[in-house]
Amino acid sequence: MRLIRWLAPLALALMIVVAAAPAQAVDAVSVRGDAPAIDLTGILEYQHSDTDRIQVSTAPGTDGIVRRIEVRGREAGQNWVVFALANNTDDQLDRLIVAPHYRIVSSGLLWPDLGLSRIATITPSTGDRPERQDSATADIFRVTLDPGAVITFVAELRTNKLPQLYLWEPEAYKDKVNSFTLYQGIVIGISGLLALVLTILFVVKGSIMFPAAAALAWAVLVYIGVDFGFWGKVLDMSSGAERVWRASGEAILAATLLVFLFAYLNLSRWHVRYSHITLGWLAFLGSLVGLALFDPAVASGIARISLVLIAFAGFALIVYLSTHGFDRAVLLIPTWFLLVVWVVAAGMTVAGSVTNDIVGPALLGGLVLIVMLIGFTVMQHAFAGGGATNGVVSDVERRALALTGSGDLIWDWDVSADKVFTSPETEALLGLKRGTLEGPAASWLEVLHPLDQDRFRAALDSVLDQRRGRLVQDFRLRTPDGHFMWFALKARPVVGSDGEVSRVVGTLTDVTEMKNAEERMLHDSVHDNLTGLPNRKLFIDRLNAVANFSKTVPTMRPTIMVIDLDRFKQVNDSVGIAVGDSILLTLARRLTRILKPQDTLARLAGDQFGLILMSEQDAAKITAFAETIRKTIRAPIAFNDREIFLTASIGLALSDPAVPLTDELIKDAELAMYHSKRIGGDRIDVYKPAMRARKTDRLTLESELRRAIERQEITILYQPIVRLEDRSIAGFEALARWDHPKLGRMSPSEFIAIAEEIGLIIDLGMFVMDQTARQLAIWQRAMRSREPIFASVNVSSRQLLRHDLLHDIRTVLSRSSVARGTLKLELTESLVMENPEHAAQMLHRIRELGTGLSLDDFGTGHSSLSYLQRFPFDTLKIDQSFVRTTSRGTRPVILKSIIAMAHDLGMDVVAEGVETDSDAVEMYQLGCEYAQGFAFGEPMDADAAMRMLTEERLEAAS
C-alpha cells in the first residue's frame, strides 16, 4: 500500500515531464500595441517538477533558435506555468500580468476554489525579473517588452490551479479597476442602507419576520464585502483569512435565508416539527462556520448545496401554501422565483458554463436586488395600519371588559405576537396549572383531542386568510387524568386598517354535558336501550357495509341468523316485565361472550336477536356454531330460588356468492326462524327457497299492519262503563280492532304484540288516543245536561317510557275540547311497577295536563302498597279474575279489602268482567262505584254508543 502511494505521484510527475518534453517549444503570443488586454489562460503550459528547479524550452527567438533554461523556485514550489510573449512592434511595451486570487467562475460546487495568491514569482528567459505590484485581490507583475523581443516566462505557482491570467495595458487595467470599484461601492452602499433600514424596522415592529429580513440583509452585506475585497482593505486580512471569511459568509447567507423563509411563512404556528427541522438545519449551518476555520473549501461546498436546497424546497413550499390560500406565500412567489433563477445562474457560473468576467459582480448585484424585493415585501406589513393600532387595541379591550362582565370564559389570540389568553376558569375546569393554556396557538394542539387538532388549526388559518367571518367550533381539551371536556369556541377576528387580522377574540363555553347527551342520543338511536346491542337499523347498516366490502373480497360471505325465544311472553307474564328484561340482558351477555370481534349481534325486536356471522365460512362450522348458541340459550337462568329454562328458534340464511348481498337475507333468516317456531321451536332451520312460497303469517301481518292505519283498517270500539248506583252510563273504554281485508276483524291479542315488537305501537296508541278524544268531545257536547262522561284509553310500556308522550297528550287535548279529567289513560299494574320511580314522575306530569289516570288489572302483578300510594291514580280497575272468583263464593274478604284501600287513597273502583246482574249487585254491595262487562253491553262502534246515550237521556227525561 505504501508502495502504491509512493508510485502514484511519481507516475503523475512522469506524465507531466513527458507532456513538457524539450521537443515541444512554447508558442509566443504576439502583443499588439493597441490591445488593452490579452487572455493568456488558454495558452498556458502547466508543468510539475519533483524539486524546486525546472528546465523548460523557450519559444523560438527572432533567429529561430530554441533555448533551454533552468529556473529555481523561490518558495520551493513544484507547480509551474510557462508562456511566451513576443513584441513585434517597433515600440517598447509596458504590460501587467494579472492573476486574480478568486473567481466565482468555474470555482466549483463541491470543494470550491475560494481563492489564494496564485503566483509566487515570474522568471523571464531574458531581461529583468517582472516587478510585483501591490494588490489585495490579484497577483500583478509589471513587465517591459523591448521591440522585436521574444521572452519566455516561467511562473512559480502557489496552487495547482490558475483560474485566469491576463496581460493588461496598465491604463486599461486601471480604468477597469476604477469602474468595478465604483460599481462595487454602489452595490455595497445599497446593501448597507437596506440592512440598516430593515434593522430599524425590526426595532419599530416586533414581528419575527423583520429581524429575519434584517439578518438576511446583513449576511448579504458581509458576503459581497468579502467577494469585492472590501473587508480585506478595511481589516487588512491575508488571503488565507479571506477564504475563511468567504466560506463563513456563504454559510451565514444560507442560514439567514432559511430563517427568513421560516419566519415569514410562520411555519411554527401549528407544526412544532417544522421548528425542530429548522433549528437542526440552522445548527448544522452554524457548525459550518466553525468548519471553515479548518477546511474552508468543505464548509463552502456544503453551504452552496444548502443554498440550492433552500431555494428549490422553499419555492415548492411557497407554491403549495399559495394554492391553499396563504396570502403571505402568494406575495413571496415573484421574489423567490427570482431567487431560484439567481441560484440556477450561480450554479452555471461555478460549473464553468458561463465564463464572462462581468457575471460575478452581476450575480452579487442581483442578490442585493432580491434582498431589496424581500425588504419591500416585509415593509408593507410594517408601515400598514399607522396610528390606527391604538384604536384597534382599545376596541379589543372594550370587548374583553364586556365579556368579563357577562361572566363567560374569555378566549383572546394576539396574532402578531402569537399568544393566546384564556380566563383562569378554563384551566380550573380542566384541572390545569395557571398559565398552561397561555402561549402560542400551537401549544393548544398538545391538549386538544387528536381528532380535533386539524379542524382547530384549519379554522384559525381560515379566519386569518379570509379576514372576516365568525369562528364557531366545538373541540375537546384533555384533563391531567386523560379525560376530555367539550368546549364551544365563538370568536370573531379584529382587523386593522391594514387589512390584516391583529386579534381573534371570543368566548369559551363548557358544553360537556350537552355533548354527552348528544352522544347518548346518537348511541341510543342505533342501539337497544336495554342490552346495549345494535338495533335493527344498525344491524342492516352493518350488513350493507359487509356487502360493499364483499365486492372486493368475494370469498368473504356472511351468514345471517335470527334467534327468537320460544314462549317468552308467558315468561314475562309469569315473572313480570322487569325480570323478563333481566333475562334478556343475561342472554345478550351470554351470546356476546361466544362471538368473535368480526361478528355482530343485534336485538331486532322484543325477544328476537340477529347475528351477522363473519368468523366462520365453512357450512359445517356454521351449523355447529348455531348449535352452540342453542345450547347457550338452553342453560338455566337462576332467579331467586328458582331456575328459568328457555329455548329458541334459530333461522339461518347462508349468502350465495352468485347473488348480491341485500337486507332480503334477513327476511330469509326470519322465514327459516318462523318455520322452526311453527314446527315446535327449540331447533335450527336453514332457509330454503320453498319457505318463501308459504308466506309466513307473522311476516304478512307485520307488513300489512304497517299500512293498516293509512288504509283506515283500525276500528275503535267502545265498551260501556256504568254507575252501579243508578245503572247510568258513566263512560267507555276504547278498544282497538283491526278489520283485516282477508282475515276479518282481529282482536288486540292478535296484533298488539306485533305492533310493540316492530315499533308501531307508538303510532297506533296515538291514533287511538286522538280518535277517542275527538269522539268524547262529541258525546260531551251532546250530553251537556248531565255529568260529563269519560273515556279510557290503554297505554303501552313503550308509550310510557317516551318523554314524547307528554307532547302527544298535550296535542290531543288541544285538538279536542274535553272536560278536565274525563280522558283517562289506563296503565297496567305490571307496567308502572317495572320502573316505579320513572312511572311516578311521568304520571304526575300527565295528571297536571288534565288527564285522568286509571290503574288496570290491579292484583295480577307484584305490586308494592308503599309504591302504590305514590301514584296519582284516580281510578282503580279490579281485574276480572277477582270478580269471577267472588261470584263463586270465595275470597270476598280480599276483594273488599282492595276496595276499601282504594277508597282510602281517594280512588274510584271499577269492577271488570261483570257478566250478570247478580255480579253487579254484589259489586255494589262491596262498595264498587262502577262496573264494566257483558252485563251492560259488548264493545260497540261510536254510532251505537251515541244511540245508547240518547236512549238513556230520553228515558231519564220521561
Side-chain angles (χ1 to χ4, degrees), residues 449-451 519-565 583-635 646-674 676 683-688 691:
H449 193 282
L451 298 179
E519 290 178 0
R520 285 195 299 270
M521 291 178 63
L522 181 61
H523 180 274
D524 293 345
S525 66
V526 292
H527 288 81
D528 177 56
N529 291 332
L530 174 64
T531 62
L533 297 174
N535 59 15
R536 191 181 189 92
K537 291 181 180 179
L538 185 56
F539 186 76
I540 295 175
D541 181 75
R542 291 190 178 177
L543 179 60
N544 293 333
V546 171
N548 293 331
F549 189 65
S550 64
K551 294 178 182 177
T552 58
V553 187
T555 58
M556 184 194 68
R557 307 297 296 180
T559 299
I560 303 300
M561 295 187 188
V562 174
I563 306 163
D564 192 271
L565 301 180
I583 294 173
L584 289 176
L585 184 58
T586 301
L587 290 178
R589 291 174 177 173
R590 284 184 181 180
L591 295 177
T592 302
R593 283 194 291 268
I594 65 175
L595 298 180
K596 294 183 178 178
Q598 59 266 45
D599 302 328
T600 297
L601 179 67
R603 185 185 180 193
L604 304 182
D607 59 347
Q608 190 177 100
F609 296 89
L611 174 63
I612 302 176
L613 183 64
M614 301 292 298
S615 57
E616 301 292 349
Q617 301 292 321
D618 183 69
K621 292 183 178 180
I622 292 173
T623 305
F625 185 80
E627 181 63 26
T628 301
I629 292 178
R630 190 180 74 85
K631 292 179 179 179
T632 300
I633 295 175
R634 285 177 59 88
L646 295 174
T647 60
S649 300
I650 303 176
L652 273 69
L654 305 175
S655 57
D656 186 355
V659 179
L661 275 175
T662 62
D663 55 0
E664 288 294 322
L665 199 62
I666 302 176
K667 297 180 181 179
D668 295 343
E670 288 178 337
L671 284 173
M673 181 271 294
Y674 286 128
S676 174
R683 55 179 286 131
I684 303 168
D685 279 287
V686 180
Y687 167 77
K688 300 178 181 61
M691 295 179 180

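Quick caveat: nothing in here was measured; it's all calculated off a predicted structure.
Inter-residue side-chain proximity for I622 and L652 is flagged as met; some heavy-atom pair is nearer than 4.5 Å. When side chains are defined from C-beta on, M561 counts as touching I629, because their heavy atoms get closer than 4.5 Å. Between L533 and H527, the closest side-chain pair of non-hydrogen atoms is not below 4.5 Å.
Between I650 atom CD1 and F609 atom CZ the span is 11.5 Å, to the nearest 0.5 Å. From N544, atom CG reaches atom CZ of F549 across 15.5 Å, with rounding to the nearest 0.5 Å. For the atom pair I563 CD1 and L604 CG, the distance stands at 9.0 Å (nearest 0.5 Å). How far NZ of K621 is from OG1 of T559: 13.0 Å, rounded to the nearest 0.5 Å. Between L587 atom CG and L565 atom CG the span is 6.0 Å, to the nearest 0.5 Å. The distance from the CG atom of D564 to the OH atom of Y674 is 6.5 Å, given to the nearest 0.5 Å.
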Item to check | Stepwise side-chain contact (heavy atoms from CB on, under 4.5 Å) check, V562 with Q608 | outcome: CA-CA 7 Å; V562 174; Q608 190 177 100; 3.8 Å; yes
Next on the checklist: Does R634 form a side-chain contact (heavy atoms from CB on, under 4.5 Å) with T647? I'd like the steps, not just the answer.
Outcome noted: CA-CA 5 Å; R634 285 177 59 88; T647 60; 3.7 Å; yes
Next on the checklist: Apply side-chain contact (heavy atoms from CB on, under 4.5 Å) to residues Y687 and L654 and explain how you reach the verdict.
Outcome noted: CA-CA 8 Å; Y687 167 77; L654 305 175; over 6 Å; no
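Between the side chain of D599 and the backbone N or O of K596 there is at least one donor-acceptor pair closer than 3.5 Å. Judged purely by atom type and a 3.5 angstrom limit, Q617 uses its side chain to pair as donor or acceptor with the backbone of M614. In terms of modelled atom types and a separation under 3.5 Å, the side chain of S676 and the main chain of A672 share no donor-acceptor contact.
Atom CZ of R589 sits in a sparse spot, with 12 or fewer heavy atoms from other residues, nucleotides or ligands closer than 6.0 Å.
The two residues I560 and I612 come nearest to each other via the heavy atoms CD1-CG1, 3.8 Å. For N535 against A602, the heavy-atom pair with the smallest separation is O-CB, 4.1 Å.
Checked against side-chain contact (heavy atoms from CB on, under 4.5 Å), T628 has the following partners two or more places apart in sequence or in another chain: I594, T632. Remark: D528 pairs with R603 by the salt bridge (Lys or Arg N to Asp or Glu O under 4.0 Å) rule, at least two apart or across chains.
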Residues 536-543 side chain polar contacts: donor-acceptor under 3.5 Å, at least two apart:
unit_1	atom_1	unit_2	atom_2	d
R536	NH1	E670	OE2	3.3
R536	NH2	E670	OE2	3.0

